[in-house]
Novice: 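This structure is in structure tokens; I'll ask about it shortly.
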2 protein chains.
Amino acid sequence: MGGLAFTLDVILLLFLCFSLPVPTLHLTPKRLPSPPGKPFRIALFADLHFGEDAWTDWGPRQDLNSLRVMSSVLDRELPDFVVYLGDVVTANNVIVANASSYWDMALSPSRSRGIPFSSVFGNHDDAAFQWPLEWFSSPGIPPIRCPASDTSDSLVEEGCSFKGTGRLQLMKAETVRNQLSYSSGGPRELWPSISNYILELCKSDHPQSSIAYLYFLDSGGGSYPEILSKAQVEWFRSKSREINPDLSVPELIFWHIPSKAYEKVAPVPGSRVSKPCVGSINIEKVAPQEAEEGFMDLLGNRSSVKAIFVGHNHGLDWCCPYNKLWLCYARHTGYGGYGDWPRGARIVEINQKPFSIKSWVRMEDGDVHSEVVLSS
Amino acid sequence: MGGLAFTLDVILLLFLCFSLPVPTLHLTPKRLPSPPGKPFRIALFADLHFGEDAWTDWGPRQDLNSLRVMSSVLDRELPDFVVYLGDVVTANNVIVANASSYWDMALSPSRSRGIPFSSVFGNHDDAAFQWPLEWFSSPGIPPIRCPASDTSDSLVEEGCSFKGTGRLQLMKAETVRNQLSYSSGGPRELWPSISNYILELCKSDHPQSSIAYLYFLDSGGGSYPEILSKAQVEWFRSKSREINPDLSVPELIFWHIPSKAYEKVAPVPGSRVSKPCVGSINIEKVAPQEAEEGFMDLLGNRSSVKAIFVGHNHGLDWCCPYNKLWLCYARHTGYGGYGDWPRGARIVEINQKPFSIKSWVRMEDGDVHSEVVLSS
């Protein structure tokens, strides 16, 4: 099974580099194809939390607000690629049989603009439904769309147990329905961790020439612990050695839940973000993964790795150096989820000549702040 | 749907009273049919926790031990009926697609002896699988029986997401497979609470003459909060008024998680159980339901209700008076679940002439203790 997964990975890389206009991936007529050497711009949409409190007016309103944030960012930044950085849905609030419909809603701003995208899972994405305690008092459970009593028991069970839509099911729905999706279910031996895959950014006029590798990892949570497993560490070690043996190609890493290393570099919660860190909000403590199985040792000693990007903490948006790489938070993009700090999105821009990686935060209202160079 | 549920309830009562040899329900040739007036004996099997740690040697060994406890109790007490009082399985440890196989194992000692039974759900029965954190370190996830990689994605998803087997699915499997099962899925309007039903104990020679009503309720937990809902209170109020309007028939109540009233009558944790309470272990604090929606007010003011029986707290086996009824714990029967106090089962015996309800605890080793009269 490992062999099969390897083959699929390689096919994915080849497909990306030879078959698609990278880095000018956007397909809508609104934008002009960029010439080779044009910066490649990535927008990170973190913690959208679609489907939250869907049984109240508040919930659907927040989903609309989140769509507005994404639209604002996309129309101002015109990114070449979008990364959905986990907690796309608040599955623990989703009372429909399949949360893919909410997931699909979250993808729609990118899809409608023809912007390719990919996603990783967060801790809320496949969580089981949490019944609000107050529903068991009068006036009771609100009307829920559930198979009617005249359907078979098995349908009632499947449709109304609200056990959450599994990671595989969500991933399958995204990739089957969306030609623009670059997500992948990852190798079977990493299960129950799913969103583990690699994208190679390469020049459209020289497909063999890599600009960067983008690694996407599933940091768990929801149906299983919040962790990057030893198996994922070994998978990364093996794959990165294979595709980038001399560390000549810069590498960027994307997952949802900060590793414990974020705690080491974090500014004191509540304090202003100051050098060497760069950011605008620092309201809360880092909420890290449950354990560290060696991923940070591996990345910290790998000179080609330039930065890690995570979401999860809505009240943090800083980047701080850690050894020779940067540990970055995205910016809370969704109106779902805790916290009412103004919404925005972290932008990452990869320039080829001279090579540089820059990042900044674009707010819903158009404001830009916290620019930082991640390649130095 | 309420009308349909009502009809089904009535059919169940009629079926019980007219079609089956109650109270002499045991069908194996080892026992003689009891004449009218023979005491009706019920064994309560609480917190069996089948399927716990199934990936170690320890788990299956405990399941065997639990089977031995039940066999010992059944062969010494020769009960007419068995109540499985919740936490029949530790679903949060069950790594097979359908936990009904473990449930079925728990029923087997009663079934093999031809003893009829029924069950209520506990908080562990439909819990989702909890992945042990250590599985994400080396040496990783143990071999798990899961659909092979050549099966379809949907099978992989359903078979290996380990989201727990739903209450409806468990109940359906029990009742469809077992002619001896008196369990029922309960009225649809009480969903997600499932094991809500009533049994009427009546004289085999005078089926119209009721001896007692046995009420079974789903006290939640697992996939939804640990609670008896306002809807359940109203259902009980309505049904009990209908079937026992003049309170002339004694009533017994069975559910899994103690209500908050248990806290009010509990002996100080760690102290000896003394009058008016009767019992042998009092090791821990009552772990009650999350909220009280009026059930105890209703029962406390209903003179026909003689006792409530719960499990959940493995370190408690007492009965204490509360208003005019008794609040009783069963006895931890299973080798699964926390605590290593000696295992046993609470027995409840209903005598017709003169009417009395007695109870005691029968231990695995044959010892009997804590006899109490619940009808006085």
Side-chain angles (χ1 to χ4, degrees), chain A residues 1 4-5 126-141 144 146 148-150 153-154 156-158 160-172 176 185 188-193 220 222-234 289-294, chain B residues 1 4-5 126-141 144 146 148-150 153-154 156-158 160-172 176 185 188-193 220 222-234 289-294:
Chain A
M1 289 199 295
L4 175 66
D126 77 343
F129 183 65
Q130 287 175 350
W131 290 81
L133 189 60
E134 58 269 24
W135 285 12
F136 296 86
S137 316
S138 296
I141 296 171
I144 289 173
C146 198
S149 59
D150 58 351
D153 273 4
S154 66
V156 171
E157 169 59 21
E158 286 171 26
C160 275
S161 61
F162 302 157
K163 287 176 175 291
T165 310
R167 279 168 149 83
L168 274 171
Q169 202 177 338
L170 289 169
M171 183 58 87
K172 190 178 170 187
V176 166
R188 179 69 183 78
E189 69 264 26
L190 301 184
W191 177 82
S193 164
S223 64
Y224 75 93
E226 301 182 346
I227 194 167
L228 287 161
S229 70
K230 191 77 180 165
Q232 284 171 292
V233 175
E234 294 312 318
Q289 295 162 28
E290 293 174 52
E292 173 62 44
E293 296 297 336
Chain B
M1 289 198 297
L4 175 65
D126 77 342
F129 183 65
Q130 286 175 350
W131 291 82
L133 189 59
E134 58 270 25
W135 285 12
F136 296 87
S137 317
S138 296
I141 296 171
I144 289 173
C146 198
S149 59
D150 59 351
D153 274 3
S154 67
V156 172
E157 169 60 21
E158 285 170 26
C160 275
S161 61
F162 303 156
K163 288 176 174 293
T165 310
R167 278 168 151 83
L168 274 171
Q169 203 177 338
L170 289 168
M171 183 57 86
K172 190 178 169 186
V176 166
R188 179 68 183 78
E189 68 264 25
L190 300 184
W191 178 83
S193 165
S223 64
Y224 75 93
E226 301 182 346
I227 194 167
L228 288 161
S229 70
K230 190 78 179 165
Q232 284 170 293
V233 175
E234 294 312 319
Q289 296 163 26
E290 294 175 52
E292 173 61 46
E293 296 296 337

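So you know, we letter chains A, B, ... as the sequences are listed, proteins then strands, and number each from 1.
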Novice: Looking only at heavy atoms and a cut-off of under 4.5 Å, which of B:G294, B:P192, B:A231 has the most pairs with chain A?
Specialist: B:P192
Novice: I need the B:S223 OG to A:Q130 CD distance, nearest 0.5 Å.
Specialist: 11.5 Å
Novice: How many angstroms lie between CD1 in B:I141 and NZ in A:K230, if you round to the nearest 0.5 Å?
Specialist: 15.0 Å
Novice: Against A:W191, only a single residue in B:W135, B:W131, B:F136 fulfils ring pair (Phe, Tyr, Trp, His ring centres under 6.0 Å); can you say which?
Specialist: B:W131
Novice: Contact part of A:I227 toward chain B, heavy-atom cut-off under 4.5 Å: side chain, backbone, both or neither?
Specialist: side chain
